[in-house]
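Both counts, for ligands and for their atoms, begin at 1 and track the order of listing. These numbers come from the heavy atoms of this one structure, side chains and all, not from hydrogens, waters or symmetry mates.
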Amino acid sequence: MPTLATALLQGLKDHGARELFGIPGDFILPLFKVVEESGILPYFTLSHEPAVGFAADAAARYQSTLGVVVVTYGAGAFNVVNAVAGAYAERSPVVVVAGAPGARERTSGLLLHHQARSIDTQLAVFREITCDQAVLDDPATAPQAIARVLRSARERSLPVYIEVPRDRVDAPVAPVPVLPRRTADPDALAECAGEIAALLGRAERPVMVVDVEIRRYGLEERVATLARRLGLPVVTTFMGRGLLQAAPDVRRGTYLGSAGDPAVTRLVEEADALLLLGVILCDTNFALSEKRFDWRHTVLAIDRGVRIGHHTYPELPIEDLVDALIARAGPEIAARPRTLPPLEDYPRGLVADDTPLAPSDVAAAVNDLLDRHGPLPMTADIGDCLFVAMEIDNTALAAPGYYAGMGFGVPAGIGVAAATGQRPLILVGDGAFQMTGWELGNCRRYGLDPIVLLFNNASWEMLRVFQPESRFNDLSDWNFAAMAPALGGHGERVATRRELAAALERAIARRGMFSLIEVMLPRGATSRTLARFVTGLKSARDRQAG
Ligand code: TPP
């Protein structure tokens, strides 16, 4: 008979988890012992819990499956709150497995170490940022509770919370079942697909916009099939950048409103029917739109619901909708021949001379590198580096494009490397690197060799562009490259185009340790995309104020 610990680990594995990220503490030590000794799932420990959360989140995003963090009570769990909040906002199914006091400790009459307010404050905090919770205090009901919560995580693609009282870890329990996915009501699905077919059938210039849910549910291939059958051009949102990497024939670019390629912006804003698949309706995706959505001609599938015009079909999963539309495409919804704008053109062919580097040069250098050596998965932090990522060819990307929490890039890259075995390219600013960059010191232990492009402008530049008069955005120059060897990696500073191109080639050839390329940039210089983004935001604000 399994114990609660082995049943939980096996249950996680049966629901798609492939590894765990964590930091132990006394309330979770008994579970960590089982993690290590059972070998049911591989585990990776990092240095600080925020990084554990980001790594698990990125692992989930890349593999379209559950990511898992295992943390101790209070001090550990509260440290992942921000990462889990970001995962909630950006719809990443992170399972938080948190230790907790045992039954006898609860009634000891003493305040317990790591306790914040009440013993259950931890549960209350995570209720707010997870879509389902289970406290495994009863071995008889624990397997069903775990199964319910893991199904919620998979069905809604949102974080969940599992609390393990430390005295229950070895209790014998039944195995954790895998509950079937709840599918759409067939009549509702048929009615909904019929409505969408009619809307698309009437349209002259329909466009499909995709965002992260299509990756979370493993739908990229099916969405590409749907787009091909309908002859629909597809654009990604800012948050959805990197989607449909394998379908360049249907992808027209990334919609950034007034900050983006004008042809892509026109395509979306002049569409007479919009099919928004898995799209987060957030400001970073749509604040720069010149035009409000005309809901009469818009379909939005997100969070297991479909909105058409001014009505909504609840409990209608996007997977079922995409399949139903594929079935109707062709016979019922005819593809429309269209003349489409040319694909977005990204900078390449960097002249390797002694010109001092500007942020957009990094995009050109990376595009050249990918042309020569093939695609690399990318992660990016928030900062100008994320806007530079918009100038890099559409390659798989995990980045906090909506929640915009700094510190994501490096641990996310470590998560991707650990989970997939692939070598990621990490884009990060010096401000964000100061938060979580030290996690690179863990690469040696696990044999990971990411390539890190650190944009060092000695500045919180993204803030400076909004408020140039403030001196608090000045950072000092930490000389990160010099610190790399102590962390077990290789570091070098580059200041010219020639140095950058050469450093990237050397990094590609160097295996077995991380490579940190510190790109030296002047304060006040931003990528072309960030400059357009800020101009667009400022004029949108002025319009609102006026
Ligand atoms: N704290 C967190 C956790 N997330 C944030 N987004 C911010 C603060 C506010 N913030 C947004 S961008 C930014 C700050 C502080 C500066 C980022 O600096 P850096 O990483 O050096 O990139 P740069 O802006 O210079 O490109």
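- Separating the CZ atom in Arg528 from the CG atom in Asp384 is a distance of 11.0 Å, to the nearest 0.5 Å.
- With hydrogens left out, the protein atom closest to atom 23 (P) of ligand 1 is Glu461 N, 3.6 Å, a heavy atom.
- Residue contacts with ligand 1: Ala404 is included, with a non-hydrogen atom under 4.0 Å away.
- For atom 12 (S) of ligand 1, the closest non-hydrogen atom on the protein side is Met462 CB, 3.8 Å.
- For ligand 1, the atoms sitting less than 4.0 Å from at least one non-hydrogen atom of Gly431 are 19 (P), 20 (O), 21 (O), numbered in the order shown with element in parentheses.
- Looking at atom 10 (N) of ligand 1, its nearest protein heavy atom turns out to be Met406 SD, 3.5 Å.
- Among all protein heavy atoms, the one lying closest to atom 20 (O) of ligand 1 is Ala432 N, 2.9 Å.
- Contact annotation for Asp381 and ligand 1: no heavy atom of the residue comes within less than 4.0 Å of the ligand.
- With a 4.0 Å cut-off on non-hydrogen atoms, Ser459 touches ligand 1 through its backbone and not its side chain.
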Evaluation steps, ring pair (Phe, Tyr, Trp, His ring centres under 6.0 Å), between Tyr43 and Phe21: CA-CA 6 Å; Tyr43 68 93; Phe21 296 89; over 10 Å; no
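- Scanning all protein heavy atoms for the shortest distance to atom 26 (O) of ligand 1 gives Asp384 N, 2.8 Å.
- Residue-level proximity to ligand 1 for Leu463 is carried by the side chain, the only part with a heavy atom below 4.0 angstrom.
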